[in-house]
Amino acid sequence: MYDILSAILYSDGIISQSKIIMLSKLIQTVLHFGYIHKFILSLLLVSFAAGGYIILWFNDNFVTEPRYPLYEEAAIIYGCANAGHALLKDNSEKERQRICACALQETMQKIDFLQYQEKPRLFNQYLGKGLLDCSKASIFG
């Protein structure tokens, strides 16, 4: 850059006012381009970060199905199917497991895993309602 500036200033051995004006305009243009370039890069970086956050939030809240740990789901379904609940007593073991899995799926939509651990009574209320709904669906389905 210094070589270019000195070539412009001393091309004929005389530094004129027009050369100084031309040089100052050149410097302003380069600096202005640098600021715009930095601004655009900063804006792109912020946009990508915000976009990534929005995608993760959307995925967590709308795309992924709320699930309990697999061992908990299996234990709940096994316990439900073998508890001797009146709604399930006339069904085969496979059908009892299907009804309990359906009820658990409905319950997981309303009670997350933390609530399941902290409020077992609330979980049992929703699971009971789910058993009723799913056993009715089993009769008609």
Side-chain angles (χ1 to χ4, degrees), residues 1-12 14-141:
M1 177 94 177
Y2 180 74
D3 295 336
I4 295 171
L5 295 177
S6 60
I8 292 172
L9 282 174
Y10 299 112
S11 61
D12 56 359
I14 302 171
I15 301 176
S16 66
Q17 187 173 2
S18 63
K19 287 182 182 179
I20 293 173
I21 292 172
M22 183 176 71
L23 183 61
S24 67
K25 287 183 181 181
L26 176 66
I27 291 171
Q28 286 176 354
T29 303
V30 169
L31 290 176
H32 183 68
F33 178 73
Y35 288 130
I36 290 175
H37 186 67
K38 288 178 186 177
F39 176 74
I40 290 173
L41 285 177
S42 300
L43 191 61
L44 282 173
L45 180 64
V46 169
S47 298
F48 282 129
Y53 178 78
I54 289 169
I55 288 171
L56 287 176
W57 178 83
F58 184 81
N59 186 40
D60 288 345
N61 291 306
F62 296 106
V63 177
T64 57
E65 185 177 343
R67 299 291 303 257
Y68 296 0
L70 188 58
Y71 63 90
E72 288 287 340
E73 288 184 15
I76 292 168
I77 292 170
Y78 179 80
C80 170
N82 296 310
H85 197 281
L87 289 172
L88 304 174
K89 68 180 181 179
D90 294 333
N91 295 312
S92 68
E93 183 178 350
K94 187 174 183 176
E95 185 63 15
R96 287 193 312 261
Q97 289 175 352
R98 192 199 65 73
I99 292 170
C100 289
C102 171
L104 178 60
Q105 186 175 12
E106 284 187 12
T107 304
M108 286 190 304
Q109 297 295 326
K110 298 171 181 82
I111 303 289
D112 65 16
F113 186 64
L114 185 61
Q115 289 175 315
Y116 161 74
Q117 291 175 320
E118 292 176 353
K119 301 175 182 176
R121 283 187 171 186
L122 183 63
F123 172 82
N124 288 334
Q125 288 174 356
Y126 279 108
L127 187 65
K129 184 181 178 319
L131 282 172
L132 188 59
D133 294 343
C134 292
S135 63
K136 284 180 184 176
S138 175
I139 292 170
F140 297 113

Practice problem: Not counting sequence neighbours, list each pair that qualifies as a disulfide (SG to SG under 2.5 Å) and has a residue in residues 83-127. | Solution: C80-C100, C102-C134

Quiz item: Counting only N and O atoms by type, is there a donor-acceptor contact under 3.5 Å from the side chain of Q115 to the main-chain atoms of D112?
Solution: yes

Self-check item: Pairing residues for Y68 by the ring-ring contact (aromatic ring centres under 6.0 Å, His included) criterion, not counting sequence neighbours
Solution: F113, Y116

Exercise. Sequence neighbours left out, what passes side chain to side chain donor-acceptor pair (under 3.5 Å) with E118? Give chain and number order.
Key: none

Quiz item: Atom CD of Q117 and atom CG of L114: how far apart are they, to the nearest 0.5 Å?
Solution: 6.5 Å

Counting only pairs under 3.5 Å, give me each side-chain donor-acceptor contact of residues 122-129, with atom names and distances, residues two or more places apart or in other chains.
| residue | atom | partner | partner atom | Å |
| --- | --- | --- | --- | --- |
| N124 | ND2 | P120 | O | 3.3 |
| K129 | NZ | D133 | OD2 | 3.1 |

Quiz prompt | Heavy-atom pair with the smallest gap, counting every atom of G130 and E106 | solution = CA-OE1, 3.6 Å

Quiz item: About how many Å separate CD of E95 and CG of D90, when rounded to the nearest 0.5 Å?
Solution: 11.5 Å

Quiz item: Of all residues at least two apart in sequence or in a different chain, which pass the salt bridge (charged side-chain N to carboxylate O under 4.0 Å, His left out) check with E73?
Solution: R67

Practice problem: Find out whether R96 and N82 are in side-chain contact, i.e. whether some heavy atom of one side chain is under 4.5 Å from a heavy atom of the other. | Solution: yes

Practice problem: State the CD-CD1 distance between E72 and I77, to the nearest 0.5 angstrom. | Solution: 11.5 Å

Self-check item: Of all pairs that satisfy ring pair (Phe, Tyr, Trp, His ring centres under 6.0 Å), the ones with a partner from residues 86-112, not counting sequence neighbours
Solution: none

Practice problem: Starting at CZ of R121, measure out to NZ of K119 and round the result to the nearest 0.5 Å. | Solution: 13.5 Å

Quiz item: Roughly how far apart are I99 CD1 and K94 NZ, rounded to 0.5 Å?
Solution: 13.0 Å

Quiz item: Taking atom CG of L131 and atom CG of L104, what is their separation to the nearest 0.5 Å?
Solution: 9.5 Å

